[in-house]
Amino acid sequence: MKVVKREQVNEYLTGFDRLSFQKNLIEWFETEKRNLPWRLDNDPYKVWVSEIMLQQTKVDTVIPYFNRFIKKFPTVEALAEAEEQEVLKAWEGLGYYSRARNLQTAVKEVVANYGSRVPKDPNTLSSLKGVGPYTKGAILSIAYDVPEPAVDGNVMRVMSRVLKIDEDIAKQKTRKLFESCIKEVISQANPSSFNQGLMELGALICTPKSPSCSLCPVQEHCAAYQQGMVEQLPVKSKNKKQKTLTYFAFVIHDKSNVLIEQRPEQGLLANLWQFPMVELSKTDLEHTQNWIKQNYGLTVKLGNELSSIKHVFSHLIWDIRVFQMEVIDGAVKEPNAKMVAKERLNQYPFPVSHQKIIQQF
DNA sequence: AAAACGGGGAA
DNA sequence: TTCCCAGTTTT
């Protein structure tokens, strides 16, 4: 079923000089592109890793992670054979940890079913865990020179201005509209530089605020610029604000060890490690010793409140009150928890919120 | 169609 | 503060 109406796309593209637009964009990109570690070659595996890391993440943040990751897992096989904990450790601090777990799941499938070669077939590629419409298009165009759209936030911002499209880019179906438009204007000769050029333009020139229109290589093609509407585009509905959850967290220790536990394999921060936590609404300070005895089998002495940590996620806020506790007696009975030597804490992947706790301890 | 899913940096 | 970032999966 064709969701996006063809007439709608044609309307946006009336009088649009595709060849000139392509030429201006590609020549600008070839001249001005940044030297980035994943641009040294077009190894489909490296393109893939970089595209996953770059999801909702700035280039400057990704660079050191990418270099370390590729050094540690240079090939599809190396990543497929690694321990998941090792992969999560390499991803620690980057966020959206399901990206790392999905990537490894997908890479294992590539080794098992596709002779360790990243699939070139669009449907096969899409079937891989963590490879959605954007990543599929990015890998196909950048690694394999296939003229497929790769529509991300940059592309929607740039093209919403160039074609003066005022649909809400927060809506799912709007991405499909942009894909239909890109299919019409993408360079068949050089889809890689075309797609990367759109994204690079969005990152360097056609920025969300105060875009540098005077430096723009496609200014003459930009409907929003001609009509003085650049600042009004793209249209994006706002998301509602986060809910705050308050927790107690406990640094439970003896002379040399600390109690940590692994989070569930589903949901927020899946499979990462943390100090035991309980929501404030589910207990109170008077009952915490009892709660720890019940859940972990340890008798503890309540120590000082170390600190209060506020950690902001995209969809919620954690307010964590951290307490120190000393183990008096007992053995850990909770299977997902264990006492580990303080010096070995850095072997485990922790979310940033709990890395803050480690720092203060 | 909407919500879940991290973390950092810019304005 | 608010918004944004080379999005995908689950509900």
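Keep in mind that the numbers below use all heavy atoms, side chains included, and drop hydrogens, waters and symmetry copies. In what follows, chains carry the letters A, B, and so on, assigned in the order in which the sequence lines appear, proteins first and then strands, with residues in each chain numbered from 1.
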Watson-Crick or G-U pairs under 3.5 Å in DNA chain B, rendered as dot-bracket with [ ] for crossing pairs and | for another strand: |||||.||.||
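- Applying the side chain to side chain donor-acceptor pair (under 3.5 Å) criterion to A:Ser237, with sequence neighbours excluded, gives A:Asp168.
- Side-chain proximity of A:Tyr134 to the nucleotides C:dA6, C:dC4, C:dT10 is greatest for C:dA6.
- For A:Asn67, the side chain to side chain contact (heavy atoms under 4.5 Å, CB included) test picks out A:Pro37, A:Ile63, with sequence neighbours left out.
- For DNA chain C, the residues of residues 37-50 of chain A within the heavy-atom distance limit of 4.0 Å (strictly under) are A:Trp38, A:Arg39, sorted by number.
- Residue pairs satisfying the side chain to side chain donor-acceptor pair (under 3.5 Å) criterion with at least one member in residues 19-28 of chain A, sequence neighbours excluded, are listed as follows: A:Ser20-A:His221, A:Lys23-A:Glu27, A:Asn24-A:Glu220, A:Asn24-A:His221.
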Footprint string (nucleotides 6-11 of chain B, 5' to 3'): B base within contact, S backbone only, - free, heavy atoms under 4.0 Å: BBS---
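- Residues satisfying the side chain to side chain contact (heavy atoms under 4.5 Å, CB included) test with A:Lys338, not counting sequence neighbours, are A:Trp273, A:Val340, A:Tyr348.
- Residue contacts shown for A:Arg34 include a base, since a base heavy atom lies under 4.0 Å away.
- Residues passing the side chain to side chain contact (heavy atoms under 4.5 Å, CB included) test with A:Asn42, sequence neighbours excluded: A:Ile142.
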Quick one: side chains of residues 324-337 of chain A, donor-acceptor pairs under 3.5 Å with protein atoms, not counting sequence neighbours, listed by atom name and distance.
unit_1	atom_1	unit_2	atom_2	d
A:Gln324	OE1	A:His253	NE2	3.2
A:Lys333	NZ	A:Gln294	O	2.6
A:Glu334	OE2	A:Asn336	N	3.1

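- The salt bridge (charged side-chain N to carboxylate O under 4.0 Å, His left out) contacts involving residues 46-65 of chain A comprise A:Asp41-A:Lys46, where partners must be two or more places apart or lie in separate chains.
- Residues passing the side chain to side chain contact (heavy atoms under 4.5 Å, CB included) test with A:Asp166, sequence neighbours excluded: A:Leu233, A:Val235.
- Taken residue by residue, residues 230-243 of chain A places heavy atoms nearer than 4.0 Å to DNA chain C at A:Lys236, A:Lys238.
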